[in-house]
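Have a look at the structure below before the remarks.
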Amino acid sequence: MLENKSIADIFTEIADILDIQGENPFRIRSYRNAARTIGDMSESLQDLVKTGRNLEEIPGIGKSIHEKILEIMKTGKCQSLEELKKKTPPGLTELLRLEGLGPKKVKLLYDGLGVDSVDRLEKAAQAGRLKDLSGMGEKTEEKILKSIEQFRAGIGRFKLSTGFTYAEALGRYLGDVPGVKRLDPAGSFRRRRETIGDLDILAICTKTSKVMERFVAYGEVKDVISKGETKSSIRLRNGLQVDLRVLDEESYGAALHYFTGSKAHNVAIRERAKEMGLKVSEYGVFRARDEKRLTGAREEDVFQAVGLPIIPPELREDRGEIAAAEEGRLPRLIEPADIRGDLQMHTVATDGKSSIAEMAQKAKELGYSYLAITDHSQAVRVAGGLNEKALAKHLKEVEKVSGQISGIRILKGVEVDILGDGTLDLKDDILKECEVVLGSVHSRFNMEEGEMTKRIIRAIKNPCVHILAHPTGRLILEREPYKVNLKEVVQAALDYGVVLEINAYPDRLDLRDVDARMARDMGAKLAISTDAHSRQQLELMKFGVFTARRGWIEAKDVINTYPLDQMLNSLR
DNA sequence: GCCGTTTTCGGCCCGACTGTTTTCAGTCG
Ligand SMILES: Nc1nc2c(ncn2[C@H]2C[C@H](O)[C@@H](COP(=O)(O)OP(=O)(O)OP(=O)(O)O)O2)c(=O)[nH]1
Ligand SMILES: [Mg+2]
Ligand SMILES: [Mg+2]
Ligand SMILES: [Zn+2]
């Protein structure tokens with residue numbers, strides 16, 4: 001099975017090589033756009049082709065790239081990439097990953113010194129040979145050695161939840177600086193992507209404010225990457241890069257729009273503005289013909305200037321949000337306040353840290369009207385999962401505590417393991433005692449796609465299962481999802497009335513944004529659940545809501561926004 | 001290479017910071 005990512009990687013490599021060869025930048029951009037689109041898709045291209053879909057309907061995929069995709073599917077290779085690799089050694093694209101090294105310098109290093117790998121680059125820099133090249137000097141050499149160190153540290157992206165920790169700390173630090181009027185985290189953090197490549201912060205302040213000085217003097221700083229009047233970048237000790245952009249109050253809206261991105265969204269908005277005789281930048285919206293400033297103090301002013309309603313940050317990925325805005329089809333996105341209950345959590349009965357009563361108390365504090373206690377079943381040994389007898393006793397306990405706590409309904413539940421053959425880990429008799437039954441996979445992740453799909457669909461067919469929990473089993477930055485045909489799973493869930501979970505735990509976020517969007521488009525119902533293992537973790541619900549919002553999901557798509565009776569009725 | 005309620009050709013976002021460039025290219029946001 002050919003994964004989208006493998007195809008996307010091929011187009012990225014073509015783009016990188018063309019870049020080094022100094023090819024037409026727009027042609028290169030087309031390959032990069034296609035790679036991004038393909039890499040971001042929920043459905044597999046191979047499945048789309050099998051079902052006869054015309055790939056050229058996908059924005060950014062035209063005749064040439066379509067043909068290449070088919071060629072890759074057929075032969076596993078792309079001949080034009082093979083040709084390109086004959087002229088430009090593959091090691092050069094690795095050099096592009098180094099900070100501060102772009103296509104022009106990589107070409108110079110190769111042509112001038114034969115540098116075709118990071119190791120060789122390091123040797124050349126250490127020997128002081130880089131200075132021999134025109135356009136390279138002492139400082140470039142130093143910077144390159146630093147970049148190599150950074151590259152070798154292998155620091156990639158960070159979880160969104162980590163971003164919150166650092167954004168809050170930096171917010172407190174910079175918030176105290178005199179002259180700072182506004183401080184907004186922007187970039188992928190504000191769009192609530194599941195991971196962030198860096199932290200982008202917008203500051204609005206008075207002309208005399210020392211905010212830049214204070215920023216680069218932050219205690220956690222390891223390196224100052226660059227420092228200017230309006231823009232600086234630092235690297236923290238843990239490897240996280242932080243970018244600070246400073247602008248005047250009159251530019252606040254345009255600046256926030258620019259710095260929130262995404263890049264593709266910005267480009268699309270700016271193209272649209274251009275067609276309208278306008279120019280959009282981080283400074284504001286201008287009339288193209290005479291550069292007269294028209295607006296830009298508020299974010300909605302920017303959208304209004306280009307004839308659109310404001311688009312929520314989570315949707316700004318150039319995935320159809322501009323067309324939807326134009327046609328008045330933007331979803332009314334779910335909000336944290338819509339959530340009325342939490343349908344997955346664990347207690348001390350298995351691997352949780354809090355009691356049933358503590359969970360219920362916390363849920364009450366969060367303003368919920370219900371919660372489901374869903375401890376593990378016996379097959380999940382590491383978690384101390386319950387067998388039929390232990391679960392029966394546990395359910396009695398839930399009932400008892402429920403009677404003792406007023407103002408919130410505690411539902412009897414279980415997270416029953418889906419065994420390797422798709423049968424469930426507990427007998428139907430006991431499952432029927434539960435008001436909420438989650439089914440999920442915790443073992444044998446390495447199955448073939450077909451086998452895994454069958455396994456999960458078999459579980460869906462069991463009438464006891466209400467919700468399919470963490471449907472793809474991934475752990476962000478740690479474990480890839482197991483191979484499964486999600487579209488078939490969603491279809492089965494629809495056919496049998498099973499709800500799909502968006503697991504809100506920040507390491508999971510499963511279904512992920514684009515998968516949840518596909519499920520919603522197919523008509524599936526969702527449940528956003530924290531999978532809390534302590535009462536504090538019930539607060540993680542917001543991460544699930546972020547993911548849902550990124551999936552264009554509305555409150556009506558999510559069963560735990562419903563009042564108790566309606567929620568229970570929506571279970572099969 | 002992709003795209004099109006002005007186009008099937010001719011455009012394709014816009015600006016900040018760095019270094020060695022004596023006037024701006026390269027890289028990045
Ligand atoms: N107009 C325009 N804006 C850009 C460009 N590159 C970046 N931006 C804006 C939009 C981005 O969201 C924002 C921050 O840049 P980043 O490189 O940090 O990207 P972002 O935070 O979206 O993703 P990340 O998780 O950091 O990889 O700056 C660009 O080429 N053009
Ligand atoms: Mg960023
Ligand atoms: Mg950034
Ligand atoms: Zn689980």
Side-chain angles (χ1 to χ4, degrees), chain A residues 11 14-15 18-20 22-37 55-69 80 95-109 130-131 133-144 147 186-188 197-202 212 216 224-234 241-247 251 254-255 257-286 288 291 296 302 306-307 318 323 326-327:
Chain A
F11 292 133
I14 291 176
L18 291 175
D19 226 343
I20 293 165
E23 256 286 344
N24 179 341
F26 302 109
R27 196 171 150 233
I28 295 166
R29 194 165 89 176
S30 294
Y31 282 109
R32 293 201 194 286
N33 280 340
R36 177 177 52 83
T37 302
L55 299 187
E56 286 174 46
E57 284 166 17
I58 300 170
I61 297 181
K63 191 165 175 289
S64 168
I65 289 182
H66 182 196
E67 279 169 6
K68 287 188 173 64
I69 292 169
S80 40
L95 293 174
L96 288 176
R97 309 278 96 80
L98 296 176
E99 180 183 294
L101 268 198
K104 298 292 188 293
K105 280 186 193 156
V106 167
K107 181 164 167 45
L108 187 66
L109 287 164
L130 267 47
K131 291 192 290 284
L133 300 170
S134 78
M136 297 228 188
E138 198 94 9
K139 291 204 169 151
T140 310
E141 208 161 78
E142 268 173 47
K143 269 200 163 178
I144 283 178
S147 300
S188 50
D198 67 0
L199 191 57
D200 303 289
I201 301 175
L202 172 66
M212 275 305 182
V216 296
V224 176
I225 298 166
S226 68
K227 177 171 177 292
E229 290 271 294
T230 78
K231 189 173 111 173
S232 298
S233 294
I234 57 177
Q241 180 178 327
V242 186
D243 296 338
L244 180 70
R245 191 69 208 264
V246 178
L247 285 119
S251 296
H257 178 260
Y258 151 71
F259 216 25
T260 296
S262 63
K263 174 181 168 176
H265 170 90
N266 286 354
V267 169
I269 290 286
R270 287 169 181 210
E271 277 171 352
R272 181 183 170 90
K274 206 167 175 165
E275 281 162 22
M276 298 170 72
L278 302 170
K279 185 186 72 171
V280 170
S281 76
E282 59 267 49
Y283 292 96
V285 181
F286 303 83
E291 296 275 300
V302 176
V306 295
D318 193 28
E326 173 145 48
E327 295 156 22

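Sequence lines set the chain letters: A, B, ... in the order given, protein chains first and strands last, and positions in each chain run from 1.
- In this entry the distance linking CG of A:Leu108 with C1' of B:dG19 reads 14 Å, nearest Å.
- Look at CD1 on A:Ile69: it is 13 Å from P on B:dG1, rounded to the nearest Å.
- In this entry the distance linking CG of A:Leu55 with C1' of B:dG1 reads 16 Å, nearest Å.
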Where do N or O atoms of nucleotides 7-13 of chain B meet protein N or O atoms at under 3.5 Å, pair by pair?
from, atom 1, to, atom 2, distance (Å)
B:dC12, OP1, A:Lys274, NZ, 2.7
B:dC12, O3', A:Arg29, NH2, 3.2
B:dC12, O3', A:Glu271, OE2, 3.1
B:dC13, OP1, A:Arg29, NH1, 2.6
B:dC13, OP2, A:Arg29, NH1, 2.8
B:dC13, OP2, A:Arg29, NH2, 2.9
B:dC13, OP2, A:Glu271, OE2, 2.8
B:dC13, O2, A:Arg270, NH1, 2.7

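- Shown here, B:dC3 forms a base pair with B:dG10; the pair counts as Watson-Crick or G-U wobble because both key distances fall under 3.5 Å.
- With sequence neighbours left out, the side-chain hydrogen bond (donor to acceptor under 3.5 Å, both in side chains) criterion links A:Lys279 to A:Glu291.
- One atom, CD of A:Glu99, and another, P of B:dG19, lie 12 Å apart when rounded to the nearest Å.
- A:His257 has its side chain within reach of A:Asn266: a pair of non-hydrogen atoms, C-beta onward, lies under 4.5 Å apart.
- In the set B:dG15, B:dT18, B:dT20, B:dT20 carries the atom at the smallest distance from any side-chain atom of A:Thr140.
- Between A:Leu247 and A:Thr230 there is no side-chain heavy-atom pair separated by less than 4.5 Å.
- Remark: the separation of the C1' atoms in B:dC28 and B:dC13 is 14 Å, to the nearest Å.
- Using a 4.0 Å heavy-atom cutoff across all strands shown, A:Leu98 reaches sugar-phosphate atoms only and no base atom.
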May I have the list of side-chain donor-acceptor pairs in residues 134-141 of chain A shorter than 3.5 Å, sequence neighbours left out?
from, atom 1, to, atom 2, distance (Å)
A:Glu141, OE1, A:Lys131, NZ, 3.1
A:Glu141, OE2, A:Leu130, N, 3.1
A:Glu141, OE2, A:Lys131, N, 3.4

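- Nucleotides B:dT8 and B:dC2 have their C1' atoms positioned 12 Å apart, rounded to a whole Å.
- Qualifying side-chain hydrogen bond (donor to acceptor under 3.5 Å, both in side chains) partners for A:Arg270, counting only residues two or more places apart in sequence or in other chains: none.
- Residue side chain A:Tyr258 reaches the base of B:dG29 through a donor-acceptor N/O pair under 3.5 Å, judged by distance alone.
- Annotation: of the two residues near DNA chain B, A:Ile65 and A:Met212, the 5′-most nearest-nucleotide partner is A:Ile65.
- Within the nucleic acid shown, A:Lys104 comes within 4.0 Å of sugar-phosphate atoms alone, with no base atom in reach, counting heavy atoms only.
- Although no hydrogens or angles enter the test, the distance criterion places a donor-acceptor pair under 3.5 Å between the side chain of A:Arg272 and the main chain of A:Val306.
- Contact annotation: A:Thr230 reaches the phosphate of B:dC17 (side-chain N/O to OP1 or OP2, under 4.0 Å).
- The same atom, C1', is picked in B:dT22 and in B:dC14; the two are 26 Å apart, to the nearest Å.
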Could you go through nucleotides 21-24 of chain B and list every protein N or O atom that sits under 3.5 Å from one of its N or O atoms, giving the distance for each pair?
none

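- When rounded to the nearest whole Å, the span between CD of A:Glu57 and P of B:dC3 equals 12 Å.
- The phosphate of B:dC14 (OP1 or OP2) has no side-chain N or O of A:Tyr283 nearer than 4.0 angstrom.
- Between the C1' atom of B:dA16 and the CD1 atom of A:Ile225 lies a distance of 14 Å, rounded to the nearest Å.
- Listed nucleotides: B:dG1, B:dG29, B:dG19. Nearest to the side chain of A:Lys143: B:dG19.
- For A:Glu275, there are no side chain to side chain contact (heavy atoms under 4.5 Å, CB included) partners, not counting sequence neighbours.
- Within the nucleic acid shown, A:Leu101 comes within 4.0 Å of sugar-phosphate atoms alone, with no base atom in reach, counting heavy atoms only.
- Counting non-hydrogen atoms under 4.0 angstrom, A:Pro25 reaches nothing in the nucleic acid.
- A sub-4.0 Å separation between OP1 or OP2 of B:dC28 and a side-chain N or O of A:Gln241 is absent.
- Between A:Ile58 and A:Glu291, the one whose closest nucleotide on DNA chain B sits nearer the 5' end is A:Ile58.
- Using a 4.5 Å heavy-atom threshold, the side chains of A:Tyr258 and A:Val280 count as separate.
- Side-chain N/O atoms of A:Ser147 and A:Lys143 include no donor and acceptor closer than 3.5 Å.
- The CG-P distance, from A:Leu244 to B:dC17, rounds to 11 Å in whole Å.
- Atom-to-atom, CZ of A:Arg245 to P of B:dC28 comes out at 17 Å; the value is rounded to the nearest Å.
- Among all heavy-atom pairs drawn from A:Ala254 and A:Tyr283, the shortest one is CB-C, 3.9 Å.
- Note that CZ of A:Arg29 is 12.5 Å distant from CG of A:Asp19, once rounded to the nearest 0.5 Å.
- When distances are taken from the side chain of A:Asp200 to each of B:dG19, B:dG29, B:dG26, the shortest belongs to B:dG29.
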